[in-house]
Amino acid sequence: MNWEQVRGNWEKAKGELKVQWSKLTDDDLTRINGERDKLVGRLQELYGITKEEAEKQVDAHS
């Protein structure tokens with residue numbers, strides 16, 4: 001699934017993202033609202049990883 005598909009199916013994707021990254025809260029997902037860059041930034045904050053690593057994980061998931 002590419003990022004456009006994730007964005008288009010955001011309600012379904014939110015559950016999958018919470019399974020993948022358990023530190024994401026419902027509030028986080030509401031703020032992210034399907035925006036890849038916001039997800040990458042939040043993963044950096046929550047997991048203490050680099051932007052490149054967060055992007056790699058997001059791309060692997062989508």
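Nothing fancy with the numbering, it's 1 onward along the sequence.
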Asks: Quick one: does any side-chain atom of W21 pair with a main-chain N or O of L46 as donor and acceptor, under 3.5 Å?
Replies: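 No, because the side chain of W21 does not come within donor-acceptor range (under 3.5 Å) of the backbone of L46.
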
Asks: Looking at CH2 of W3 and NE2 of H61, how far apart are the two atoms once the value is rounded to the nearest 0.5 Å?
Replies: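 If I round to the nearest 0.5 Å, the distance is 7.5 Å.
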
Asks: Please name the pair of heavy atoms, one in G34 and one in R7, separated by the smallest distance, quoted to 0.1 Å.
Replies: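 For G34 versus R7, the nearest heavy atoms are O-NE, 3.2 Å.
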
Asks: Is a side-chain N or O of Y47 found less than 3.5 angstrom from the main chain of R42, in a donor-acceptor match?
Replies: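 Side chain of Y47 to backbone of R42: no pair is present.
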
Asks: Looking only at heavy atoms, what is the nearest atom pair of L43 and I49, with distance?
Replies: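 Closest approach of L43 to I49, heavy atoms only: O-CG1, 3.9 Å.
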
Asks: Heavy-atom count check: over 12 atoms from other residues, nucleotides or ligands less than 6.0 Å from K56 NZ?
Replies: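 Atom NZ in K56 is not packed in, count stays at 12 or less.
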
Asks: Just do the side-chain contact (heavy atoms from CB on, under 4.5 Å) check on K38 and N33 with the steps written out, would you?
Replies: CA-CA 8 Å; K38 287 183 180 180; N33 195 30; 6.0 Å; no

Asks: For a 4.5 angstrom cut-off between non-hydrogen side-chain atoms, does V58 reach R36?
Replies: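 They are in side-chain contact.
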
Asks: With a 4.5 Å heavy-atom cut-off, do I32 and L17 have their side chains touching?
Replies: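 Of all side-chain heavy-atom pairs linking L17 with I32, none is under 4.5 Å.
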
Asks: State whether a side-chain donor-acceptor pair under 3.5 Å links T30 with D27.
Replies: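 D27 and T30 do not have a side-chain donor-acceptor pair below 3.5 Å.
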
Asks: Kindly indicate whether the side chain of D26, heavy atoms from C-beta on, has any atom under 4.5 Å from the side chain of K18.
Replies: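 Touching, per the 4.5 Å side-chain cut-off.
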
Asks: Is there a side-chain contact between L29 and W10 (heavy atoms, below 4.5 Å)?
Replies: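 SC-SC contact between L29 and W10 confirmed.
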
Asks: Go through the structure and list residues passing side-chain hydrogen bond (donor to acceptor under 3.5 Å, both in side chains) with E11, not counting sequence neighbours.
Replies: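 side-chain hydrogen bond (donor to acceptor under 3.5 Å, both in side chains) list for E11, sorted by chain: K14.
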
Asks: Quick one: list whatever passes side-chain hydrogen bond (donor to acceptor under 3.5 Å, both in side chains) with E53, sequence neighbours left out.
Replies: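 For E53 the side-chain hydrogen bond (donor to acceptor under 3.5 Å, both in side chains) partners, ignoring immediate neighbours, are Q57.
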
Asks: Does a salt bridge link R31 with D28, judged by any charged N lying under 4.0 Å from a carboxylate O?
Replies: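 Here R31 pairs with D28 in a salt bridge, since their nearest N and O are under 4.0 Å apart.
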
